[in-house]
Amino acid sequence: MDGVPTPLRCFNECHSAAMFVDDGVETVTSREQKKVERSIEEVFSVYKQIHSLPQPTLLREQHYQYLKKGLRHLSDAYECLDASRPWLCFWILHSLELLEEPIPAAVASDVCHFLARCQSPAGGFAGGPGQHAHLAPTYAAVNALCIIGTEQAYNIIDREKLLDFLMSVKQPDGSFVMHVGGEVDVRSAYCAASVASLTNILTPKLFEDTTNWILSCQNWEGGLSGVPGLEAHGGYTFCGTAALVILGKEHMLDLKALLRWVVSRQMRFEGGFQGRCNKLVDGCYSFWQAGLLPLLHRALFKQGESELSRQRWMFEQQALQEYILLCCQNPTGGLVDKPGKSRDFYHTCYCLSGLSIAQHFGNMDLHHEMILGKEDNRLAPTHPVYNICPEKVAQALQHFHRLPVPDGNRQPGASADASVSDPTANSGLGDHQS
Amino acid sequence: MFAIITLPTVVLDATANLKKHELENVSCCANVNVNRLLLSVNAPHPCCQWPRALTCTIYHAPLVSRQEIPPVFLCFRDRKEWADLEPVPQDDGPNPVVKIAYSEKFSDVYDYFRALLKNDERSERAFALTSEAIELNAANYTVWHYRRVLLQALSKDLREEMRYITAIIEEQPKNYQVWHHRRMVVEWLNDPSEELEFIADILSQDAKNYHAWQHRQWVIQEYKLWDDELDFVENLLEEDVRNNSAWNQRHFVISHTSGFSDAMEREIQYCLYQIKKAPNNESAWNYLKGILQPLGLSAQPGLLERVLELKQTHCSPYLLAFLFDCYEDALENSKENVAEEEQQKTLKKALEICQLLAQEDTIRKEYWLFLGRSLKNKHGSSDPSDEPLADDPEPSVPVSEQQEMS
């Protein structure tokens, strides 16, 4: 509400009691954590001095200009993302849709044409024209096209070939490699489930054993790891959980243990989330971690949990908004990991996505908003499974579910790529499929 | 045009640790630790056209002292041994989006990469070019894939490739492709003998590198190298008892070797010992809970008492949460002979902890209140004298009145 500003948690005189307690045992972990807390404390303190009435403001115009420019031109600093250009499209388009900035039709059309050039003749999308297909840019491209949401955009996707591609990266144990001859981790299951469900190419064979493989990634900490055996991690936990939600199997997780793990990842002092226990806060986990709470809320509800709140997610929504608005905004546009870090489109996307999650509780039927600062800070809601706006999800599902599910008569894991330019040729040489 | 390099007038000290800025403008060498190199005088390299000079046998690139004129990179389009190949410019289309302002060098290298890819050329020069392309963007998985095809097609020396990938990972330890490539080479060689030491070196620079741990677990499991790993973990925990990756590795090793049944008492002791030293170390508490949970926290005799003792001198939100978990487990898994009155006492203690945590661990207030409501709903008696939890803005609502969450 624009009337009386909400008192900020971080200005509470007791807030410094929330700082890290090192018990007099100094280690690298405690040193790094305290360093970050000091820099956050500085940000809070400066903000307090400048603003007598704390009304954190989302720098809409600055972010908009940064995004608008990036959608067309990027400096050579982005050479390192030359194999992730559909990601750049998604990060930027999603940020713009959260800011409720319209995408001009000409721009949308240009994005469609570009992504069409990133589509591999063998199916799926690559990091750039002429590169090999990879599940991550495939996820990003499909999401970007769904954000655009026009017939033109939907028609870019070759559904039959996309199914072929997914089958070609499917492994006998239920997992997926990220690309032919590539590595396995739980991101791949999410990317595959996301695009398959949105474009209606889900077949029973496609996700055979995938549920069990994902479940084997839940570890002793309660969160999920990238592959079985590793440490629980926010990004992988989101991917595994969201994939299971898509497959309708999220109830097979130990939801209570997962819930305990994720709520414990919110930092007492900073208000943002860490990716792993005893590591540092990072703005991108505002989505990967906080985004789990809507998923768990729904999962617990479906299980018959009667004590769920009808107004709030089970994380501190205000504290997260404070962290993002006060600590993660670059004054010249774009958002960041933490103070002192450079802006980039990945952090811009996920900080804004997290801000949206923190602002909006519920869904279309039951909706409760909690906007910190000006009403103008309000972002569009985002779908916690796909991370595009819920209307765009619904629209895409409606479009693609009118189409028949393709045949998918290829065998899973069919290619061991030896020919460089044709990833589906099978000649006996080539990479070991992990 | 490029500068002609003569033999360096200053012979480099073999122990010098050359940094990238000292090798600026050397096209195929970066951040090379001279200790690992063999220095020799070589013939001019077909790629670089360097005249006789001291070269690095990994990159076939010359090492020059700072006093020398730094050489300039010669574009592939100006190299006569590449004249037969027509470069393929990137086809972004007429109205590109997310257009990257590539440097001239980047465009040059990748124009030629695309040409090689198009022809599926399998040659030495193609292999050398992949090094260039990787240096410019080590995340280009298409280039890595092509390099692997060439490694096999040209029967390249895989030991040399190990040296190469070692250097690349040292420079860029947080990249997916480099670790995957290393794994492939190790598999082809079927030789993990360097791995544990190499990974230990990477971890000495960043003890929580996820890729490093992933590679380590793969090597250990694949080649059954379990023997020294628990010691390795203990050393890391000695250095930083808060290293959650090390705690995870501990769990990994024990699960796959002795299992937790025999080791349980020792592990509990270890946790409590670490907790006494640093009571606010969340990792130790999570580990304790993690190893006990499968059997049930209340199944471990005397544990609750030990923790209640610790509460006096070493209290923390983690201790309180652990106590809650003990009480909850007792309620969930109560044996038939536990009286209803006993249950209600346990419930009361659990709810008190929830209240306390809602006040102390305020960032998780919403969660602790939910947990209390949920526990009460599940195990509470229908006693009307029960007080609702303070600070609870939302008394429980019957399921039928709950809004549909689609």
Side-chain angles (χ1 to χ4, degrees), chain A residues 21 23 25 27-30 71-76 78-80 82-83 85 88-89 110-111 113-114 117 129-132 134 179 181-183 220-221 226-227 229-231 263 266 268 276-279 298 301 306-307 309-310 312 314 316 319 363 365-366 418-421 429-432, chain B residues 90-93 95-103 106 114 117-118 120 136-137 139-142 145-146 148-149 152 176 180 184 187 208 210 213-214 217 240-245 248 251-252 277-280 282-283 286 290 363-364 366-367 370 373-374 377 394 396 399 403-406:
Chain A
V21 180
D23 303 313
V25 177
T27 64
V28 171
T29 299
S30 61
L71 191 51
R72 282 294 179 194
H73 298 290
L74 299 161
S75 73
D76 63 1
Y78 278 86
E79 283 176 351
C80 60
D82 188 43
R85 291 174 69 202
L88 288 160
C89 294
D110 291 343
V111 174
H113 287 132
F114 174 70
R117 284 166 189 274
Q131 297 175 29
H132 290 167
H134 185 295
H179 61 100
E183 73 276 13
W220 58 274
E221 300 174 76
V227 295
L230 285 169
E231 206 182 348
V263 302
Q266 189 167 18
R268 284 197 190 98
R276 303 180 248 169
C277 181
N278 268 326
K279 288 212 75 183
R298 182 171 171 277
F301 178 81
S306 58
E307 302 307 310
S309 168
R310 284 181 306 158
R312 294 197 244 299
M314 281 186 275
E316 233 299 337
N363 57 12
D365 306 316
L366 172 67
S419 159
V420 185
S421 53
L429 285 177
D431 299 335
H432 171 89
Chain B
Q90 182 156 280
D91 189 9
D92 269 8
N95 303 311
V97 292
V98 294
K99 185 174 198 272
I100 299 169
Y102 308 110
S103 69
F106 194 101
R114 279 182 280 272
L117 206 62
K118 186 162 128 193
D120 196 11
L136 291 166
N137 179 16
N140 192 314
Y141 56 90
T142 303
H145 182 270
Y146 184 41
R148 284 194 284 275
V149 168
Q152 297 199 299
Y176 281 95
H180 180 66
M184 299 273 77
E187 279 182 358
K208 303 179 185 181
Y210 207 86
W213 284 110
Q214 185 165 346
Q217 287 197 353
D240 184 354
V241 71
R242 299 178 179 99
N243 185 340
N244 199 66
S245 309
N248 180 72
H251 194 280
F252 175 74
K277 280 205 289 182
N280 286 275
E282 190 180 345
S283 293
N286 289 350
I363 196 90
R364 276 166 276 282
E366 210 39 59
Y367 170 72
F370 162 74
R373 291 195 303 269
S374 186
N377 177 259
E394 302 177 63
S396 56
V399 179
Q403 297 280 347
E404 185 59 45
M405 307 269 295
S406 59

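Letters A, B, ... mirror the listed sequences (proteins, then strands); counts begin at 1. Since we're looking at a predicted model, the values are computed, not measured.
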Visitor: May I ask you to name which of A:Leu88, A:Val111, A:Leu71 has the most heavy-atom pairs under 4.5 Å with chain B?
Guide: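 When all of A:Leu88, A:Val111, A:Leu71 are compared, A:Leu71 has the most.
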Visitor: Using the side chain to side chain contact (heavy atoms under 4.5 Å, CB included) criterion, which residues pair with A:Arg117? Sequence neighbours excluded.
Guide: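 Testing A:Arg117 for side chain to side chain contact (heavy atoms under 4.5 Å, CB included), a comparison that skips the adjacent residues, returns A:Pro129, B:Asp91, B:Pro94.
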Visitor: With a 4.5 angstrom heavy-atom cut-off, could you sort out which part of B:Arg114 is near chain A: side chain, backbone, both or neither?
Guide: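 Neither part.
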Visitor: Can you tell which of B:Ser374, B:Gly290, B:Ala139, B:Pro96 has the highest number of heavy-atom pairs within less than 4.5 Å of chain A?
Guide: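 Ranked by heavy-atom pairs under 4.5 Å with chain A, first place is B:Ser374.
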Visitor: Find the one option among A:Asp23, A:Val21, A:Thr27 whose heavy-atom pairs under 4.5 Å with chain B are most numerous.
Guide: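 Option with the top pair count is A:Asp23.
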Visitor: What residue in B:Asp240, B:Asn137, B:Val98 has the most heavy-atom pairs under 4.5 Å with chain A?
Guide: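 So the answer, after comparing B:Asp240, B:Asn137, B:Val98, is B:Val98.
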Visitor: Not counting sequence neighbours, which residues clear side chain to side chain contact (heavy atoms under 4.5 Å, CB included) with B:Gln214? List them please.
Guide: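 Applying side chain to side chain contact (heavy atoms under 4.5 Å, CB included) to B:Gln214 gives A:Val227, A:Leu230, B:Tyr210.
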Visitor: What pair of heavy atoms forms the shortest contact from A:Tyr78 to B:Ile100, and how long is it?
Guide: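 Heavy atoms only, the tightest pair is O-CD1, 3.4 Å.
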Visitor: Given the options B:Asn243, B:Asp92, B:Asn286, B:Leu136, which has more heavy-atom pairs under 4.5 Å with chain A than any of the others?
Guide: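 When all of B:Asn243, B:Asp92, B:Asn286, B:Leu136 are compared, B:Asp92 has the most.
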Visitor: Under 4.5 Å from any heavy atom of chain B, what part of A:His113 do you find: side chain, backbone, both or neither?
Guide: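 Nothing of A:His113, per the 4.5 Å heavy-atom cut-off to chain B.
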Visitor: Find the one option among A:His73, A:Met314, A:Glu221 whose heavy-atom pairs under 4.5 Å with chain B are most numerous.
Guide: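 Option with the top pair count is A:Met314.
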Visitor: Could you report the tightest heavy-atom contact between A:Ser309 and B:Arg373, atom names first, then the distance?
Guide: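 Scanning both residues completely, I find the closest heavy atoms to be N-NH2, 3.8 Å.
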Visitor: I'd like to know whether A:His132 forms a ring pair (Phe, Tyr, Trp, His ring centres under 6.0 Å) with B:Tyr141, so could you lay out the CA-CA distance, the side-chain angles of the two residues, the decisive distance to 0.1 Å, and finally the verdict.
Guide: CA-CA 8 Å; A:His132 290 167; B:Tyr141 56 90; 7.3 Å; no
Visitor: Is it the backbone or the side chain of B:Tyr102 that comes under 4.5 Å from a heavy atom of chain A, or both, or neither?
Guide: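 Answer is both: backbone and side chain atoms of B:Tyr102 are under 4.5 Å from chain A.
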Visitor: Distance only, no hydrogens: is a donor on one side chain within 3.5 Å (strictly under) of an acceptor on the other, for A:Thr29 and A:Asn278?
Guide: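 A:Asn278 and A:Thr29 do not have a side-chain donor-acceptor pair below 3.5 Å.
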Visitor: Heavy-atom cut-off 4.5 Å, strictly under: side chain, backbone, both or neither for A:Arg276 against chain B?
Guide: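 The side chain, not the backbone.
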Visitor: If you compare all heavy atoms of A:Gln266 against all heavy atoms of A:Ala319, which two are closest, and at what distance to 0.1 Å?
Guide: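 For A:Gln266 and A:Ala319, the tightest heavy-atom pair comes out as NE2-CB, 4.0 Å.
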